[in-house]
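Down below is the structure, laid out as structure tokens.
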Amino acid sequence: MNLSVETLFTAALGLQAPWEVKEVELNTAKRRIDFEVGYTGKKHACPACGAAEQGIHDRVRRDWRHLDFFQFEAWLHAEVPRVKCDACGKVSQVPVPWAREGSGFTLLFEALGLSLCRELPVAQAAGLLRVAAKRLWTRIAHYVTTARAQDDMRGVHQIGIDETRVRKGHEYLTVVHDLQAKRLLFACPGRDHETVAAFARDLTAHGGDAAAVAHVCMDMSAAYALGVRQALPHAAISFDRFHVVALANEAMDAVRREEMRTHPVAVGEALGNTDRKVLKGLMWGMRKNPSGWSKGQSEAMHWLQRSNLKSARAWRLKQALREVYAGALSSNCPEKAAEALKAWLSWARRCRLEPFKRLARTLSERFDAVVRGMLDGRSNAYVEAMNGLLQQTKTAARGFRTVQNFIAIAYLRMSKLKHLPETPFVPAAPLSLGCLRHRL
Ligand SMILES: [Zn+2]
């Protein structure tokens with residue numbers, strides 16, 4: 001088969017009549033390849049009203065960045081016809097099959113940009129593509145909005161509600177996950193009961209049913225509890241173990257800080273040393289699981305466990321609560337979990353450590369929801385994985401971390417949206433022209 005370079009590239013770009021490549025210019029010094037695309041037709045349907053066979057009024061010059069061709073930066077250029085319509089009287093530009101209206105990127109280039117942004121920080125993706133990061137952010141916003149508009153939320157029954165901060169010290173977002181489909185359903189600014197109502201509206205708008213949500217896993221915020229009662233009337237609340245164990249860690253830290261402040265001599269005697277490094281080792285050792293202790297942490301924890309310090313008691317209480325959770329996870333039996341939690345609460349109430357007595361009161365008041373959160377592994381690996389993904393998402397938005405950008409990229413990466421463009425590296429439907437061979 002003997003083909004011209006223009007025919008070859010017309011096929012490679014997936015163009016069909018009346019569009020074709022008229023000219024190819026390869027500039028090795030500038031590492032650039034330019035394609036001049038032409039429209040050979042004489043008439044076109046009116047883009048505004050659809051009236052067929054309208055005459056071409058004039059042409060406007062447009063340029064699009066395309067996927068690199070080997071090591072060359074590829075550009076498409078065309079004189080795009082505008083038709084003057086006899087039916088509606090409007091002058092409108094004919095749409096081109098390779099790009100969205102008004103975009104300076106081809107569809108394939110946009111698809112590549114999106115797929116890079118799912119894996120890399122946006123600033124880094126922009127660097128690789130040699131475009132301004134802002135141009136990628138506008139594409140992310142566009143495609144995520146389009147894909148979410150078609151998102152199907154039927155069959156949502158178990159959700160997790162959590163808060164996250166966009167930037168240190170800045171405003172909070174509420175995020176809602178589908179615990180079964182393991183994806184992000186919704187994110188919005190704020191963390192009051194209204195955010196739950198906003199989620200319920202969004203769920204309904206996507207074919208879901210707020211009354212069908214049977215289970216909500218969340219932290220102990222009273223605002224979320226109110227929001228759930230109002231907007232998700234049939235949902236049983238369970239408090240997830242990460243927040244409960246985090247509260248136990250906070251209680252333990254409060255005991256340790258207080259003791260170090262008020263009894264520095266006793267702490268020093270028990271540990272044999274009070275230099276900053278040892279005390280830091282103690283702080284981290286107490287927070288971590290024994291399997292994760294470093295050498296210094298092991299040492300500090302060795303002496304702590306042999307002491308009569310309040311900090312030692314606080315550490316044992318915290319570890320015991322972790323074990324209550326671990327036991328419930330393996331038995332998955334509500335009676336056993338309730339019994340173990342009751343035993344722990346009674347110890348905590350009598351422990352003479354004020355922060356743990358307070359925690360015991362908090363957990364007693366919400367006993368049933370705490371026990372529910374211990375069972376079925378609902379809140380376990382997935383919530384942890386989601387928190388990891390949220391952290392990566394924050395990294396991905398570094399330098400451009402506005403609330404809107406953060407929400408958009410969280411949807412892009414965590415929502416398993418089905419209506420996003422495919423990465424251009426996955427072969428789409430075969431071209432109608434099939435395989436072309438060209439001997440230069
Ligand atoms: Zn018209």
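All of these numbers come straight from a predicted model, not from anything done at the bench.
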Lys394 backbone acceptor or donor facing Arg398 side chain under 3.5 Å:
no
Trp75 side chain to Asp34 main-chain N or O, any donor-acceptor pair under 3.5 Å?
no
Hydrogens and angles aside, do His193 and Arg229 bring a side-chain donor and acceptor to less than 3.5 Å of each other?
no
Quick check against the 3.5 Å criterion: does Lys90 have a side-chain atom that pairs as donor or acceptor with the backbone of Pro47?
no
Any chance the side chains of Tyr411 and Arg183 put a donor and an acceptor closer than 3.5 Å?
no
With Glu79, the salt bridge (Lys or Arg N to Asp or Glu O under 4.0 Å) member among Arg62, Arg61, Lys22
Arg61
Could you tell me whether the side chain of Thr195 and the main chain of Arg191 form a donor-acceptor pair under 3.5 Å?
no
Between Glu110 and Ser103, is there a side-chain donor-acceptor contact under 3.5 Å, judged purely by atom types and distance?
yes
Measure centre to centre between the rings of Phe9 and Phe69, then say whether the value is under 6.0 Å.
yes
Polar contact flag, side-chain donor to acceptor under 3.5 angstrom, Thr423-Arg118
no
Is there a donor-acceptor contact under 3.5 Å from the side chain of Trp98 to the main chain of Leu13?
no
Taking the side chain as every heavy atom from C-beta outward, state whether Lys84 and Asp58 have any atom pair closer than 4.5 Å.
no
